[in-house]
There are 2 protein chains.
Amino acid sequence: MLRISKLTDYGTIVLALMARDPLEIYSATDIARRINVALPTVGKVLKTLARADIVTATRGSHGGYSLSRLPSTISIAQIIDAIEEQPFGLTECTSIAGLCMQENHCRVRANWMRINQSVRIALENLTLGDLVAETVQSTATQIQKVPLPKIDAQKLEENHEHGCS
Amino acid sequence: MLRISKLTDYGTIVLALMARDPLEIYSATDIARRINVALPTVGKVLKTLARADIVTATRGSHGGYSLSRLPSTISIAQIIDAIEEQPFGLTECTSIAGLCMQENHCRVRANWMRINQSVRIALENLTLGDLVAETVQSTATQIQKVPLPKIDAQKLEENHEHGCS
DNA sequence: ATATATAGGACAATTATAGTCCTATATGGC
DNA sequence: GCCATATAGGACTATAATTGTCCTATATAT
């Protein structure tokens with residue numbers, strides 16, 4: 001797949017709309033109408049975002065949702081973490097029986113983890129502010145060829161202990 | 001999700017094994033036994049990789065698969081493209097009815113596309129060679145904060161014409 | 001009180017993925 | 001030529017993930 005789920009995609013659209021007036025309160029009904037997505041679906045996204053404290057809910061009439069923080073302080077990684085069910089990562093740390101022992105497999109896994117880490121860092125540095133910017137600002141993130149830091153042997157050990165194959 | 005499929009994961013493991021002796025011929029049976037994955041599954045992966053000309057098949061007895069090119073010239077992006085069914089991208093370029101007209105939605109989509117592009121470039125620069133390296137070499141790829149190039153207005157137009165919402 | 005909101009969980013339908021199997025074709029050795 | 005061994009390609013099934021919806025409970029303003 002290598003793809004964020006539709007719900008997360010909706011999440012970015014919803015948040016982008018809210019980012020236009022970062023201090024305003026938006027009801028789920030309002031947002032649903034404005035982005036043209038069904039109310040129950042938008043509601044689900046907003047509830048999830050509220051649980052992660054990315055938006056703050058106000059109940060009752062005249063209630064709704066508002067951004068908990070300014071757009072430039074909400075990272076794309078946080079949004080993904082909030083809505084995606086499985087933990088972040090291009091590859092899964094699965095324990096296929098007997099694979100963990102194979103040096104070959106283990107090495108590939110370790111290098112995948114580092115690739116994951118790079119992508120993760122990129123998405124941590126990108127914010128909701130960047131997402132709504134006319135063009136992505138100079139504070140945005142790009143990937144380029146540079147030396148990777150030394151491998152962290154301790155971290156790899158930890159992965160093993162947690163059943164990483 | 002934001003995750004490569006298991007089949008693609010197997011693909012990297014298979015190729016990593018083959019990369020240890022880049023000129024040798026490996027039968028599907030042999031590979032299946034050595035990486036401890038069921039034969040039909042390994043076969044499926046290898047057939048797919050052969051179609052993309054990443055490995056070359058030799059039929060008949062004493063036949064098998066061998067790498068078509070040296071590990072350092074096979075990019076991770078190529079492997080993903082070969083095995084994943086859907087085109088590369090963190091976000092899908094879906095046409096949800098009536099969303100394409102909304103400036104807000106369109107802007108978010110455009111910026112997502114650029115994020116995709118960054119990740120794509122990273123995976124194009126990483127090779128099978130890097131994946132089997134003891135530690136990822138200095139030729140490997142990391143993501144860091146740098147200015148993004150100017151937006152390519154022409155490309156964005158093309159996306160629109162192809163029904164991108 | 002009542003209308004308007006969100007909270008949280010349960011549910012059904014759809015879709016994607018994984019894995020297997022079957023038949024056809026090619027090659028080397030006897 | 002015949003047989004064992006390999007891959008080619010597609011079909012098919014079972015499983016899992018995802019989506020989207022709905023229901024009931026709770027909170028708030030008028």
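Fair warning: this is a prediction, and the values are worked out from it, not measured in the lab. Each chain gets a letter, A, B and so on, in the order its sequence line appears, and its residues count up from 1.
- Relative to the side chain of Ala50(A), the nucleotides dA8(D), dG20(D), dA7(C) differ in distance, and dA7(C) lies closest.
- Of the candidates dA3(C), dT20(C), dT17(C), dA3(C) carries the atom nearest the Ser61(A) side chain, counting heavy atoms from C-beta on.
- Checked against dG10(D), dT20(C), dG19(C), the side chain of Leu7(B) finds its nearest nucleotide in dG19(C).
- Remark on DNA chain D: of its neighbouring residues Leu39(B) and Ala38(A), the 5'-side contact belongs to Leu39(B), judged by nearest-heavy-atom nucleotide.
- Residue Gln86(A) has its side chain nearest to dT18(D) when only dT19(D), dG9(D), dT18(D) are considered.
- Phosphate contact (OP1/OP2 of dT7(D), side-chain N/O of Thr58(B), threshold under 4.0 Å): absent.
- For the pair Glu84(B) CD and dT17(C) C1', the computed distance is 10 Å after rounding to whole Å.
- A donor-acceptor contact closer than 3.5 angstrom links the side chains of Ser5(A) and Glu84(A).
- Side-chain atoms of Lys44(B) come within donor-acceptor range of the base of dG19(C), with a qualifying N/O pair under 3.5 Å.
- Contact annotation: the side chain of Arg34(B) approaches that of Tyr26(B) to within less than 4.5 Å [non-hydrogen atoms, C-beta and beyond].
- Atom CD1 in Ile83(B) sits about 10 Å away from atom P in dA18(C), given to the nearest Å.
- Evaluated for a side chain to side chain contact (heavy atoms under 4.5 Å, CB included) with Met18(A), the options Ile25(A), Ile54(A), Val55(A), Leu23(A) yield exactly one hit, Val55(A).
- Taking for each of Glu85(B) and Thr41(B) the nucleotide of DNA chain C with the nearest heavy atom, the 5'-most of the two is the partner of Glu85(B).
- Closest approach to the His62(A) side chain among dA7(C), dT7(D), dT30(D) is made by dT30(D) (side chain taken as heavy atoms from C-beta onward).
- The side chain of Ser27(A) lies closest to dT6(C), out of dA18(C), dT7(D), dT6(C).
- Here the side chain of Arg59(A) is nearest to one of dT20(C), dA7(C), dG9(D), namely dA7(C).
- Candidate nucleotides dC21(C), dT6(C), dT19(D) were compared by shortest atom distance to the side chain of Ala28(A), and dT6(C) ranks first.
- At a cut-off of 3.5 Å, with distance as the only test, a side-chain donor of Thr56(B) or Ser68(B) sits close to an acceptor on the other residue.
- OP1 or OP2 of dA7(C) has at least one side-chain nitrogen or oxygen of Tyr65(A) nearer than 4.0 Å.
- Put simply, Tyr10(B) has a side-chain N or O that comes within less than 4.0 Å of OP1 or OP2 on dG19(C).
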- Task: Starting from the C-alpha separation in whole Å, work towards a yes-or-no answer on salt bridge (Lys or Arg N to Asp or Glu O under 4.0 Å) for Arg109(A) and Asp9(B).
- Result: CA-CA 9 Å; Arg109(A) 183 61 62 241; Asp9(B) 200 5; 3.0 Å; yes

